[in-house]
Amino acid sequence: MPPQSFSRLPGFRDFVPGELALRNHVFETWRRVATRYGFHEYDGPPLEPLGLYVEKSGAEIVGQLYNFDDKGGRRVALRPEMTPTLARILAERSRGMPKPIRWFSLPQLFRYERSQRGRLREHFQLNVDIVGESGVAADAEVLAVAVDAVRGLGLGEDDFVARVNDRRLVTRVLTAVGVAADRHADCLAVIDKAGRAGPDATGASLRALGLDAGAGDTLGSLIADGTWEHMKQRFADVPAVLEAMRPLAEHRAILDAMGLGGYVQFDFTVVRGLAYYTGIVFELFDRAGELRAICGGGRYDRLLELVGGEPLPAVGFGMGDVVLTELLRDRALVPAEAPACDCYIVWVGDEERTLGMSVGHRLRESGCRVMYSLRSQGLGKQLKAANRAGAAYAVIIGPDEAASASATVRDLRTGAQDTRSLESLIEHGPGGDRATSLGSGTGPPSRGGRAERKAT
RNA sequence: GUGGGCGUAGCUCAGUCGGUUAGAGCGCCGGAUUGUGGUUCCGGAGGUCGCCGGUUCGAAUCCGGUCGCCCACCCCA
């Protein structure tokens with residue numbers, strides 16, 4: 001039998017060091033931002049009882065579940081989203097917790113769907129939720145985290161926007177234009193896909209729902225021009241609608257005060273697909289409109305109760321790594337890979353090898369990242385390897401140095417070199433200041449920092 | 001799940017009215033260079049042309065199937 005070859009499962013990713021570095025960069029930014037807002041990180045199992053999703057999530061999610069029966073006959077599924085896990089955890093333990101609960105997580109999620117750009121069968125998400133606070137300040141706070149999580153990666157107002165709406169407002173508008181309550185869900189679906197379907201198809205869909213011409217025209221014009229001002233004018237004499245606009249006005253005022261108003265835009269067509277949202281909803285998109293949603297979220301005040309917990313209002317979002325990473329690549333915001341080595345030990349002949357490894361190890365014990373050649377090589381080869389490893393210094397040990405318990409330290413950037421005692425080298429580090437091993441490259445990424453990676 | 005496009009070296013791709021040893025650039029390895037790197041020059045390795053089958057004297061090239069990737073629908077991170 002010839003050896004069998006195994007390829008990666010479709011929709012799954014390998015993270016070789018360069019790609020893992022980018023993933024870690026995103027994760028670190030997410031954690032830094034969420035922590036800055038006072039959120040605590042949690043996690044749960046990647047495998048959950050199938051019922052947790054079947055009962056609560058819609059048929060959409062259930063059709064995409066990775067599920068199977070385990071050896072104990074339990075029906076289980078890989079988690080397709082984090083919110084049910086959060087709800088399950090809190091249903092059990094929220095009663096004793098001070099409210100509001102501010103939690104975030106970076107779960108890997110799984111959905112069996114056909115993969116395409118921005119959509120895989122596995123992805124990581126930043127999930128941020130505030131549970132136990134119904135005020136609109138919590139909605140604004142959560143959206144601010146989402147915006148800052150993206151801003152922290154170097155993207156700005158020109159790159160992305162949060163489109164915001166309120167489920168309650170849409171309901172009031174539908175009622176105001178005369179749509180029967182039992183038609184609301186269908187209407188939401190039409191509004192949701194209006195941007196993709198275009199005005200003609202949308203008009204046809206609305207007529208197919210049996211809306212009269214007046215209602216259809218009003219909705220059509222709101223979809224075509226769903227600005228805040230337009231809404232105010234159109235419903236100036238409908239108190240029910242004006243009242244329903246108040247939470248969003250306050251929401252916007254808070255974000256303006258935070259200096260994030262430029263990232264927020266009212267959009268009547270953002271209603272979001274699934275059922276559990278009850279109030280303000282939002283999605284983050286790239287401004288160019290080339291990619292799928294970066295992030296989606298909103299208020300879900302009923303969910304915890306539905307899962308058997310105490311009735312607690314909640315608001316949160318999920319932000320996926322796949323689309324966001326594509327956007328970073330497009331905008332050249334992927335930071336150059338940091339070198340893994342501070343100091344490369346070079347020995348002239350095999351006789352100096354044990355001394356070199358001894359010095360190298362003592363430098364490592366003081367925190368310096370040290371590499372050296374694992375086989376016999378000429379000096380030129382070793383320096384070449386040092387250069388490629390990104391080392392700032394080469395420590396050269398030959399017969400002369402060995403005889404005098406010293407080493408030649410070469411600054412690989414400037415080419416300057418001097419000879420000093422091994423004792424001094426180990427005590428002060430190759431840079432002479434003991435600082436070479438710490439604090440390198442933690443600044444924010446700069447544009448154009450990607451392609452130049454192989455400047456060597 | 002439905003429809004369309006595309007699969008040639010590690011990467012980006014060229015090569016098809018069917019023709020004998022399948023190419024380039026980059027990357028990788030080695031040498032020039034046995035006490036001094038980045039440049040340059042020279043050399044080398046690496047391919048069952050996604051896979052299976054069919055047509056043919058002959059298939060990377062044509063046909064069928066299959067798998068994978070991409071795009072659209074659907075929906076969403």
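Residue numbers start from 1 in every chain, and the chains themselves are labelled A, B, ... in the order their sequence lines are given, proteins ahead of strands.
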- Message: Between B:rC28 and B:rG46, how many Å separate the two C1' atoms, rounded to a whole number?
- Response: 9 Å
- Using the C1' atom in both, what is the distance from B:rG15 to B:rG68, to the nearest Å? 23 Å
- Message: Regarding A:Arg252 and A:Asp139, does a basic nitrogen lie under 4.0 Å from an acidic carboxylate oxygen?
- Response: no
- Could you let me know what B:rC6 is paired to, Watson-Crick or G-U wobble, both distances under 3.5 Å, or none if it's on its own? B:rG68
- Just compare B:rG35, B:rC75, B:rG38 and give me whichever is closest to any side-chain atom of A:Val348. B:rG35
- Query: For A:Leu109, which contact category applies under a 4.0 Å heavy-atom criterion: base, sugar-phosphate, or nothing?
  - Reply: nothing
- Task: Return the nearest nucleotide to the side chain of A:Ser115; candidates are B:rC29, B:rU36, B:rC70.
- Result: B:rC70
- Task: Describe the nucleic acid contact of A:Gly390 in one word from base, sugar-phosphate, nothing, applying a heavy-atom distance below 4.0 Å.
- Result: nothing
- Find the distance A:Tyr277:OH to B:rA77:C1' and express it as a whole number of Å. 11 Å
- Counting side-chain heavy atoms from CB outward, which of B:rC29, B:rC75, B:rG37 is closest to A:Leu412? B:rG37
- Query: A:Leu379 side chain: which of B:rA77, B:rC70, B:rU36 is closest?
  - Reply: B:rU36
- Query: Quick one: on RNA chain B, does A:Gly378 or A:Asp321 contact a more 5' nucleotide (nearest heavy atom)?
  - Reply: A:Gly378
- Which value, in whole Å, describes the distance between the C1' atoms of nucleotides B:rU16 and B:rA60? 8 Å
- Query: What nucleic acid atoms does A:Ile396 come within less than 4.0 Å of, heavy atoms only: base, sugar-phosphate, or nothing?
  - Reply: base
- Query: Between the base of B:rU36 and the side chain of A:Gln417, is there a donor-acceptor distance below 3.5 Å?
  - Reply: yes
- Can you check the A:Arg163 CZ to B:rA77 P distance for me, whole Å? 14 Å
- C1' atom, B:rU8 versus B:rC13: distance in rounded Å? 9 Å
- Measure the distance from CZ on A:Phe104 to P on B:rA77 and round it to the nearest whole Å. 20 Å
- Query: Taking CZ from A:Arg413 and P from B:rG37, how many angstroms apart are they, rounded to a whole number?
  - Reply: 19 Å
- How far, in whole Å, is B:rA59 from B:rU21 if one measures between their P atoms? 11 Å
- Check: A:Tyr344 ring centre within less than 6.0 Å of A:Tyr372 ring centre: no
- Item | Side-chain ion pair, A:Arg168 and A:Asp166, N-O less than 4.0 Å | yes
- Item | Presence of donor-acceptor pair under 3.5 Å, side chain of A:Glu122 and base of B:rA77 | no
- Message: Return the pairing partner of B:rG44 with a 3.5 Å limit on both distances, Watson-Crick or G-U wobble; otherwise return none.
- Response: B:rC28
- Query: Is there a donor on the side chain of A:Arg410 or the base of B:rG37 sitting less than 3.5 Å from an acceptor on the other?
  - Reply: yes
- Item | A:Lys381 side-chain N/O to B:rU34 phosphate OP1/OP2 under 4.0 Å | no
- Item | Whole angstrom value for the distance that separates C1' of B:rA77 from CG of A:Leu327 | 13 Å
- Query: Between A:Arg287 and A:Asp159, does at least one N-O distance fall below 4.0 Å, as a salt bridge requires?
  - Reply: no
- Item | Nearest-angstrom distance from the residue atom CD of A:Glu113 to C1' of B:rC73 | 13 Å
- Message: Using the C1' atom as the point on both nucleotides, what is the distance between B:rU34 and B:rA22, in whole Å?
- Response: 41 Å
- Message: Nearest whole Å is fine: how far is B:rU34 C1' from A:Asp350 CG?
- Response: 11 Å
- Is A:Arg151 salt-bridged to A:Asp148, cutoff N-O under 4.0 Å? yes
- Given the C1' atoms of B:rC73 and B:rU66, what is the spacing between them in whole Å? 24 Å
- Nearest-neighbour nucleotide for the A:Arg114 side chain, B:rG35, B:rG37, B:rG4 considered: B:rG4
- Task: Can you tell me, in whole Å, how much space there is between the P of B:rC29 and that of B:rC49?
- Result: 27 Å
- Message: Taking pairing as Watson-Crick or G-U wobble with both contacts under 3.5 Å, can you name the mate of B:rG23, or confirm there isn't one?
- Response: B:rC13
- Task: Answer with base, sugar-phosphate or nothing: what part of the nucleic acid does A:Gly349 contact at a heavy-atom distance below 4.0 Å?
- Result: nothing
- So which nucleotide does B:rC73 pair with, by the Watson-Crick or G-U wobble rule with both distances under 3.5 Å? B:rG1
- Task: Run the ring-centre check on A:Tyr42 versus A:Phe104 and record whether the distance is less than 6.0 Å.
- Result: no
- Task: Name the closest nucleotide to the A:Pro10 side chain, picking from B:rG68, B:rG38, B:rC74.
- Result: B:rG68
- Task: Decide yes or no for A:Leu412 and A:Arg410: does some side-chain heavy atom of the first lie under 4.5 Å from some side-chain heavy atom of the second?
- Result: yes
- Taking only the side-chain heavy atoms of A:Arg292 (C-beta and beyond), determine which of B:rA77, B:rG30, B:rC75 contains the nearest atom. B:rC75
- Message: Heavy atoms from C-beta onward define the side chain here; which of B:rG4, B:rG37, B:rA77 lies closest to that of A:Leu383?
- Response: B:rG37
- Query: Within the structure shown, what part of the strands sits under 4.0 Å from A:Glu401 by heavy-atom distance: base, sugar-phosphate, or nothing?
  - Reply: base
- Item | Test: A:Arg121 and A:Glu113 ion pair at under 4.0 Å | no
- Query: What does A:Gln382 touch in the nucleic acid at a heavy-atom separation under 4.0 angstrom: a base, only the sugar-phosphate, or nothing?
  - Reply: nothing
- Using whole Å, report how far CG of A:Asp14 lies from P of B:rG68. 16 Å
- Query: Where each residue is assigned the nucleotide of RNA chain B containing its nearest heavy atom, which of A:Arg375 and A:Ile397 is assigned the position nearer the 5′ end?
  - Reply: A:Arg375
- With both distances under 3.5 Å as the test, what is the Watson-Crick or G-U wobble partner of B:rU36? none
- Can you list every pair that meets salt bridge (charged side-chain N to carboxylate O under 4.0 Å, His left out) and has a residue in residues 312-328 of chain A, with sequence neighbours left out? A:Arg13-A:Asp321, A:Arg117-A:Glu326
